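Take a look at the structure set out below.
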Amino acid sequence: MADTQLLLGLSFVLFALGLVGVMVRRNALVMLMCMELMLNAVILALVTFSLETATLSGAVLVFLIFVVAAAEIAIAIPIVLQLSRQRSSLDVEGYDRLQG
Amino acid sequence: MNLLTVIVLLPLAGFLLNGLLGRRLGRTFVSVVGCGLPVLAFLATVKAVLLLQAAGPDAALLEVAYRWASFGAQGFDVAFYFDRLTAVMTLIITGVGSLIHVYSTGYMKDDPSYARYFAYLNLFLFFMLTLVLGRSLLVCFVGWEGVGLASYLLIGFWFEDPAKAAAGKKAFITNRVGDAGFLLGLFLLYWALGTVNMDEINAAFAAPVAPAVSASLVGVLLFIGATGKSAQIPLHVWLPDAMAGPTPVSALIHAATMVTAGVYLVARLHGIYEHAPEASQVVAVIGVLTAFFAATIALVQTDIKKVLAYSTVSQLGLMFLALGVGAYGVAVFHVYTHAFFKACLFLGAGSVIHALGGEQDIRKMGGLWRKIPVTFFTFAIATAAIAGIPPLAGFFSKDEILWFALASEHGGSPILWVLGSATSLMTSFYMFRLLWLTFLTPSRMSHDTEHHVHESPLSMTGVLIVLAVLSAIGGFFELPHFLEPLLPMPAVLESLEHYEHTFVFVAVAVALLGLAAATFMYRRGLARGEALAARFPRLHRVLGGKYYIDELFEAVLYRPLHWISDRVFLGLGDRLLIDGSLHGLAALTRRASGRLSRVQTGQLQWYVAMAVVGVVGCLVWVWRHG
Amino acid sequence: MNWSEVAKAMLPEHLLLAGMVILLTLEVLRGRPRDGFVVAFLALAAAAAAALTLHVESYTGAPFSGHFSVGPDASLAKFALIALALPVVLISRDDFAETRYYVLLLASLYGACLLVSSDSLPTLFLGLELMSMPVYALVLLAQLRADSAEAALKYLVLGGTATATFLMGVALLYGWSGSMSTAVFAAALGSSDTLPIAGVVLVVASLFLKAAIVPFHGWAPDAYEGASVPVTAFMATIIKAGVLFAALRLFETAPVTRPLVDVLAVLPLVSMIWGNVAAIRQTSFRRMIAYSSIAHAGYLFFALLGAGPGRAQAVIFYVVVYGIMNVLAFTVLPRGTDDERSDRLESLQGLYQRRPFAAIMLAISMLSLAGLPPLPGFVAKFLVFRNVLAAGYTGYAVLGLVASYLGIYFYLRVIQYMFMNTATADQPAGHPRRLALAASLLCLAPAIVLAFFPGWLLDRF
Amino acid sequence: MGEATWLNWLLWLPALGMVAVTLLPRGRDSLVRSVTFSCMVLQFFIAAILYQRFDGTVAGLQFATDVPWIRDWGVGYRIGLDGLNVLLVSLTAFLGPLVVAGAWSAVHKDVKLFHVMVLFIQFAMLGTFLAQDLFLFYVFWEAMLIPMFLIIGLWGGERRIYATLKFVLYTAFGSILMLAALIYLVLYTHGSSGYMTFDLRHLSGSQLPLNTQLWLLSAFALSFAIKVPMFPLHTWLPDAHVEAPTGGSVILAGVLLKMGTYGFMKLGFPLFPEAARAMMPVIMTLAVISIVYGACLALVQSDIKKIIAYSSISHLGYVMLGLASLDLIGIQGAILQMVSHGLVAGGLFLMVGMIYERTHSRAVADYGGLAKMLPVFSVFFTILTLASIGLPTTSGFAGEFMALLGAFNAAWPAHLAGNDLPLILAVIAVSGVVLGALYMLWLAQRILFGEARAPHAPLTDLNARETAILVAIVAAIFAIGLFPGEPLAKTELAAREFQQLVAGETIHLGSTR
């Protein structure tokens with residue numbers, strides 16, 4: 001099952017990329033995109049496993065993830081909007097009024 | 001009727017009445033209660049003695065008041081025991097005590113705290129009677145500590161003077177050191193015998209099967225207690241200071257009764273000491289040393305009461321010498337004669353001080369015999385008695401002590417005799433020195449003082465006369481013989497059996513020698529004495545400084561104790577090590593708190609990084625250990 | 001599918017949903033702000049009553065077999081969650097007039113209820129997300145603080161990361177077993193393969209993140225401080241409770257084995273120490289409570305170390321007591337117009353002189369959180385450590401207790417401020433409000449019951 | 001059940017009082033005081049009746065109640081009087097009214113809260129003594145912290161916050177480990193006997209391995225030793241005592257410290273007898289160090305309250321020594337010494353409070369010649385000083401004497417068997433007798449005697465209320481000192497049981513030879 005391994009590997013790489021992206025990219029929007037990337041990595045893994053185990057529940061979850069990802073962005077946008085209005089910047093490094 | 005209990009409780013009633021009501025009811029009430037109850041106690045004692053006499057020579061009266069505490073089948077009773085030894089002590093205490101109470105009504109007449117004074121005095125009698133009447137060491141200990149308390153209160157009676165209050169404290173604490181020894185001995189006896197009743201202890205040691213405890217150890221421990229109460233080396237330091245109290249108190253407590261408690265204790269527990277030659281030896285040696293050194297100090301004292309105080313210490317030393325050589329009856333005999341003449345001396349000194357309006361320095365006296373003749377005559381008789389001039393009371397008892405110190409089979413030795421005789425010589429010398437300087441030499445008083453000198457009232461002189469008479473004739477009552485059923489006399493070394501009379505002459509010669517020397521030195525006043533002092537300045541300073549024992553204790557015990565408590569325990573232990581480390585931990589935690597707060601930078605990406613490290617860390621950990 | 005079963009088993013959820021629908025309808029039709037509070041409160045009360053009834057009836061049912069089931073325990077948990085929200089709603093009215101606030105709140109609760117009943121991982125996931133996502137918005141809604149958006153973003157990003165991690169874990173578990181049932185997780189606990197264990201670790205890590213366990217806790221202090229008081233109360237209690245119920249649902253009664261034990265013990269232990277120590281120097285009340293909640297999350301996860309029925313008992317009791325006490329603190333907290341200033345701990349100085357009732361309630365809350373008897377917090381702590389000891393982890397238990405000792409100091413400091421320090425001149429007045437009073441009494445009553453009769457709750461498991 | 005009701009009333013009366021006082025209207029301070037006082041007096045009478053009816057010849061609990069509380073864990077509401085606690089309960093009930101009376105004119109700030117807290121701590125203390133269930137015991141034990149924290153922190157002196165935090169953090173640390181040990185013990189018993197219970201009667205027989213016992217006892221002992229307090233865990237005490245208001249000091253010295261020694265007696269030693277025997281040398285050594293150390297530190301203090309505080313460390317050393325002797329007389333002495341110290345130290349703190357109320361100074365150097373200015377005060381102070389020194393006829397003597405005697409009874413056989421440590425310790429302990437006299441008399445001398453001086457020159461002597469308080473205490477001191485047999489008869493059986501349980505087979509009954 002070399003394909004499975006490959007797909008899974010790809011999925012993990014994507015996931016890690018997403019994580020690293022959230023960790024290092026300073027633009028708030030890019031961070032949100034990286035989070036989506038992580039979700040997509042999960043979707044890839046789910047689909048792969050669904051194929052491999054020949055069950056459907058994994059695929060069902062994929063649809064739920066779509067919904068959730070969309071909702072997440074829907075909430076994230078107003079937050080980022082408000083922040084960019086307040087601080088006139090999308091750089092998360094400047095968002096450190098709360099600390100300590 | 002519980003006669004013995006009544007004897008003990010009468011003075012207590014006096015204490016309570018005077019203490020609680022005295023201030024409100026006035027002096028007459030206080031005097032009547034204060035003197036009346038001790039007299040009643042004396043009468044009750046006489047009745048008890050009569051009962052005892054009727055019962056036979058070695059009989060005893062026993063009264064159990066109640067059980068103090070019980071532990072299973074065993075326990076401690078509060079019980080009173082009355083045999084001939086107790087009888088003698090009780091008679092002295094109530095008798096001399098009553099006399100001194102009467103004397104006090106005159107002496108303390110003008111004191112604002114009259115009621116308090118009598119309350120304390122009655123309290124003292126209560127505890128003293130508890131001490132001698134108690135059957136068990138525990139009850140005895142109650143009295144033992146109690147008389148210490150009364151002594152503390154009376155020494156510090158004029159508490160406005162810090163020095164006097166301090167003297168009271170010193171007396172109490174020195175006594176406490178001895179009490180620790182007493183307690184240790186008591187514990188040891190209880191463990192070994194299961195009882196602390198003194199008659200049973202004596203019986204146990206006399207039994208064919210010896211108790212499982214070293215008699216010597218017990219003896220020494222109890223003797224430590226005795227050294228505290230009876231002012232023996234090295235715990236003698238409190239007694240001279242105790243003279244800060246009113247003079248009748250010095251007479252009653254620090255001469256006639258309380259200080260002899262140690263002698264009583266050893267005599268009472270002679271059963272132990274008879275089987276403890278080592279302990280007896282310790283007693284004899286300490287006794288004779290105390291006698292000797294106290295006498296040397298007394299030679300140079302200039303305070304009338306201090307001379308008498310060191311004389312007391314010295315005489316107590318002689319008593320212990322007698323105890324140490326097994327002559328228990330003789331020691332009690334000396335307690336008895338000493339009570340009369342020393343009380344007389346102190347009260348006489350009180351009369352002098354009273355007459356001079358508080359002056360105590362004999363260098364500022366002289367020529368008083370004309371002005372206060374009754375005091376002089378009684379004082380002179382008592383002086384002769386203590387010096388051992390026959391046929392006065394002191395002669396009989398002292399002579400026997402010296403004889404047994406030499407001849408007793410129970411540890412008698414020539415060295416003891418030599419030291420004892422030297423003491424006797426010095427006693428005679430310093431007592432006559434006192435007599436000369438106070439009464440006979442030309443007056444050295446200031447004119448003003450001299451003008452005010454007056455004889456004391458009848459309540460005081462009457463008592464002096466009674467005591468002087470007793471000092472004179474008391475020796476004719478053969479007390480050792482009376483006590484022999486209880487306190488057998490030691491056997492005499494065979495080699496000396498026939499020389500007793502020779503040594504009587506030696507003793508008399510010694511006393512007369514002292515008298516002669518004192519007369520030679522002080523007949524004309526201070527000059528010769530001062531010249532002698534100037535020839536031996538060092539010796540004089542050492543004697544005047546009382547061998548610097550107080551300073552030694554201060555430097556060796558008290559100051560180091562303070563230093564260790566303050567610097568080591570408080571500074572190093574509590575503050576630095578314990579609290580310091582705790583404060584250190586607290587500071588560390590606070591600092592850690594600050595550090596952790598700084599980790600919370602507010603940087604979102606740092607938070608994510610921490611989380612990622614966490615996830616990866618968990619995965620790695622599980623993978624490595626899976 | 002049995003519709004009557006669906007109707008009955010999901011009655012609490014339905015009532016919440018009904019509340020939301022009515023609120024939205026009202027918003028659309030009238031837009032009168034006042035109704036929001038009343039409707040939300042009624043919906044919550046009805047839902048709580050429904051959950052309680054189901055519990056008392058010992059109702060069991062599975063309307064969506066394999067995905068959603070209800071038992072007495074689940075009903076009780078739902079009741080606890082919804083009831084805890086009641087005082088939160090009561091103190092919300094002054095801060096939030098908008099209907100959307102209440103809708104979001106009800107939605108979040110709906111999610112929490114869902115996850116308590118979930119039998120499959122997708123349902124659990126849905127519940128978790130439905131619970132979390134409205135809260136991001138709720139944090140944003142605090143108009144009093146300019147920093148609320150920052151707080152919301154931090155929460156959202158870390159929450160989103162947690163979601164992804166959780167899903168990755170689920171995917172791995174699914175890949176290992178081919179099933180999406182929650183039972184897979186418990187089964188994976190006993191496995192020694194890499195795949196399931198990695199899945200378990202990822203899921204656990206995501207739960208840690210949501211519950212703010214060190215080192216996943218970064219968002220919590222900032223979000224708590226940035227949010228408004230009722231939302232902080234909601235986050236500190238109901239969200240934490242929801243996450244723990246989710247964990248309980250996953251772990252069930254299965255024992256935790258070796259390499260995982262260390263993760264499950266050490267990180268909570270570090271949380272306890274970290275939270276308790278970091279709280280010492282805080283000057284903001286909500287931030288302090290955030291660190292306190294980090295420590296408490298530690299205790300809660302600690303309870304999972306012990307297997308068997310004691311686990312659920314400990315977790316639920318702890319969550320309930322912790323929730324009540326936390327909410328109690330927030331209900332009596334004096335509130336001024338300047339949120340940032342009235343959030344300062346110093347503003348509590350001399351509170352006893354000004355408002356003795358509030359001070360005493362706050363003191364009770366703090367002492368209970370510190371775990372001192374005779375307050376119910378002690379019983380909860382006792383349960384947790386009994387569980388850990390019973391599982392044989394003596395060393396961890398002792399360390400945990402010592403860590404809990406570290407926490408006593410800062411709770412006492414609050415009491416010190418209120419009782420022993422005198423007020424400075426410019427203290428916010430903070431008049432007592434009737435609804436807040438009702439809210440605190442609503443918390444106090446069960447607290448007293450639980451203090452004196454802990455058995456009343458414990459015997460229900 | 002009829003008799004048990006009395007005991008329940010005794011325990012719950014302060015709790016009811018708390019509720020009643022809380023409900024009183026604000027600002028009615030004298031009403032608050034009266035209600036609290038009547039509650040305490042009533043409670044004292046109940047305690048007196050119970051004491052009277054307590055039968056010392058019957059083993060086991062009397063007036064006991066045993067109701068399940070948390071059934072699931074075998075926790076019960078189990079209370080009862082036995083020989084070990086009967087005196088301490090009476091002492092607590094006796095001191096209660098005196099504390100309230102003593103604070104009558106001393107507390108003016110937050111009067112209501114103060115009295116609620118006093119009632120609270122009274123409740124907790126009685127509960128701790130009466131508890132026959134480990135869980136219940138722990139709850140009450142810890143519950144004492146809260147009111148004490150507030151009492152010191154709210155009505156205390158200048159450094160009250162430092163002192164109260166120190167007190168709580170010290171004490172709580174001990175309790176935390178005790179909690180771990182307690183749970184472990186119960187779980188172990190559960191494992192070996194099959195049913196889970198916190199009932200003390202069932203726990204004390206557990207057959208734990210020695211090693212485990214040692215660990216558990218150490219945890220318990222740490223907690224108790226902090227409370228006692230024993231060297232080197234004592235540094236909270238001087239601070240707490242000095243800063244606490246009079247009532248707080250009285251409660252602390254009078255009852256709270258006895259919790260530690262009671263804990264050893266009721267839990268520590270009986271639950272882990274083998275470990276107790278193994279640890280006895282350590283405990284004895286620490287007890288004796290406490291005796292000497294406390295006395296030495298008392299010697300160099302300049303604050304009256306600190307002197308008394310350090311003297312408490314010393315006096316409780318005797319209690320521990322007596323207990324550790326495992327000799328019947330020693331144990332009895334320890335019990336008596338606990339009561340005695342409660343009365344004496346409580347009385348002394350009350351007196352310091354009285355003088356402090358007049359002058360607002362506790363510095364020894366500020367006073368002198370009070371005997372002249374305040375004769376009545378001085379009489380009582382002298383009596384209490386002497387009782388503290390342990391003069392015969394006072395309760396201090398009875399306790400100290402028996403404790404020391406017990407220590408010796410235990411030390412001699414050990415000495416004969418070649419182990420000199422107990423003997424050396426006992427001898428050192430006796431030296432504490434001298435040190436005790438040294439610091440207390442020095443204190444009395446400095447403040448009572450000498451030339452008259454005080455911060456506010458014209459002082460009024462004790463009023464009727466104050467005199468009445470002290471008369472009650474002094475009467476109790478002498479009653480116990482003169483007739484210790486009466487209370488000891490109530491405790492003897494329990495002391496014997498304790499001894500047999502802890503000493504195991506090798507009992508040395510002191511004096512059976």
Side-chain angles (χ1 to χ4, degrees), chain A residues 4 8 11-12 15 18-19 22-23 28 31-32 34-58 60-65 67-69 71-76 78-87 92 94-100, chain C residues 66-67 104 120-123 125-126 128-130 132-137 139-140 145-161 163-181 195 202 221-226 278 281-284 287:
Chain A
T4 316
L8 277 181
S11 153
F12 292 150
F15 191 84
L19 258 182
V22 177
M23 212 162 31
M31 282 178 83
L32 291 175
C34 289
M35 280 167 59
E36 295 307 307
L37 189 59
M38 285 161 76
L39 289 180
N40 289 334
V42 173
I43 289 171
L44 184 57
L46 278 172
V47 173
T48 312
F49 282 130
S50 183
L51 277 175
E52 192 191 284
T53 56
T55 51
L56 265 180
S57 43
V60 173
L61 187 53
V62 169
F63 289 99
L64 285 177
I65 293 175
V67 177
V68 166
E72 213 167 64
I73 293 302
I75 293 174
I79 294 175
V80 174
L81 260 177
Q82 195 166 335
L83 268 173
S84 64
R85 251 205 320 252
Q86 272 176 9
R87 316 271 166 95
V92 293
Y95 303 163
D96 60 352
R97 293 250 290 269
L98 296 163
Q99 57 164 287
Chain C
H67 292 283
L104 288 168
S120 70
L121 292 170
T123 323
F125 165 70
L126 258 190
L128 214 51
E129 284 309 300
L130 197 48
S132 311
M133 267 193 281
V135 181
Y136 306 148
V139 173
L140 185 66
R145 286 294 281 264
D147 307 321
S148 61
E150 182 187 329
L153 182 71
K154 286 175 179 169
Y155 192 14
L156 175 93
V157 169
L158 280 154
T161 313
T163 306
T165 315
F166 179 81
L167 284 171
M168 188 48 104
V170 167
L172 296 183
L173 289 173
Y174 169 65
W176 171 64
S177 67
S179 155
M180 277 288 184
S181 160
L195 195 64
L202 287 177
D222 294 0
Y224 279 36
E225 193 188 346
R281 291 255 294 239
Q282 297 308 322
T283 52
S284 149
R287 190 167 275 275

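Just so you know, these numbers come straight off a predicted model, no measurement behind them. Order of the sequence lines sets the chain letters (A, B, ...), proteins ahead of strands, with each chain counted from 1.
For the ring-ring contact (aromatic ring centres under 6.0 Å, His included) test, residues two or more places apart in sequence or in another chain that qualify with C/Tyr155 are C/Tyr136, C/Trp219. When the salt bridge (Lys or Arg N to Asp or Glu O under 4.0 Å) test is applied to A/Glu72, no partner is found at least two apart in sequence or on another chain.
At least one side-chain heavy atom of A/Val68 sits less than 4.5 Å from a side-chain heavy atom of C/Met133. The side-chain heavy atoms of C/Met180 and A/Thr55, taken from C-beta on, include no pair separated by under 4.5 Å. The shortest side-chain heavy-atom distance between A/Leu32 and C/Leu156 falls under the 4.5 Å cut-off.
Contact between A/Glu52 and C/Gly175 at its shortest, heavy atoms only, is OE2-O, 4.4 Å. Of all heavy-atom pairs between C/Tyr174 and A/Ser57, the closest is CE1-OG, 3.5 Å. Between A/Leu98 and C/Asp222, the closest heavy-atom pair is O-OD2, 3.1 Å. Contact detail for C/Gly160 and A/Met35: the closest heavy-atom pair is CA-CE, 3.3 Å. For A/Ile79 against C/Ala149, the heavy-atom pair with the smallest separation is CG2-O, 3.6 Å. Heavy-atom minimum distance, C/Ala137 versus A/Ile75: N-CG2, 4.2 Å.
Looking at A/Phe15, only its side chain comes within 4.5 Å of chain C, counting heavy atoms on both sides. Using a 4.5 Å cut-off between heavy atoms, A/Ile43 does not touch chain C at all. With a threshold of 4.5 angstrom between heavy atoms, A/Ser11 approaches chain C through its backbone and through its side chain. Using a 4.5 Å cut-off between heavy atoms, C/Thr165 touches chain A through backbone and side chain atoms alike. Using a 4.5 Å cut-off between heavy atoms, C/Leu167 contacts chain A through both its backbone and its side chain. The parts of C/Ala151 that come within reach of chain A are both its backbone and its side chain, each placing non-hydrogen atoms under 4.5 angstrom from that chain. For chain C, no part of A/Val60 is nearby; none of its heavy atoms comes within less than 4.5 Å. Neither the backbone nor the side chain of A/Leu44 has a heavy atom closer than 4.5 Å to any heavy atom of chain C. The contact between A/Val80 and chain C is made entirely by side chain atoms (from C-beta outward), counting heavy-atom distances below 4.5 Å. Both the backbone and the side chain of C/Leu172 come within less than 4.5 Å of a heavy atom of chain A.
For chain C, the option among A/Leu8, A/Leu61, A/Val22 with the highest count of heavy-atom pairs below 4.5 Å is A/Leu61. The candidate from A/Pro78, A/Ala45, A/Ser50 with the greatest count of non-hydrogen atom pairs under 4.5 Å with chain C is A/Ser50. When each of C/Met168, C/Glu129, C/Gln282, C/Arg281 is scored by its heavy-atom pairs under 4.5 Å with chain A, the top score falls to C/Met168.
Expressed to the nearest 0.5 Å, how far CZ of A/Phe49 lies from CG of C/Leu195 amounts to 5.0 Å. To the nearest 0.5 angstrom, A/Leu81 atom CG is 10.0 Å from C/Leu140 atom CG. Note: A/Leu83 CG to C/Leu153 CG = 5.5 Å, rounded to the nearest 0.5 Å. To the nearest 0.5 Å, atom CG of residue C/Asp147 and atom CD of residue A/Gln99 are 11.0 Å apart.
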Let me see the working for A/Asp96 and C/Lys154 under salt bridge (Lys or Arg N to Asp or Glu O under 4.0 Å), right down to the final yes or no. CA-CA 10 Å; A/Asp96 60 352; C/Lys154 286 175 179 169; over 6 Å; no

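Under a 3.5 Å cut-off, the side chain of C/Glu150 and the backbone N or O of A/Arg97 do form a donor-acceptor pair.
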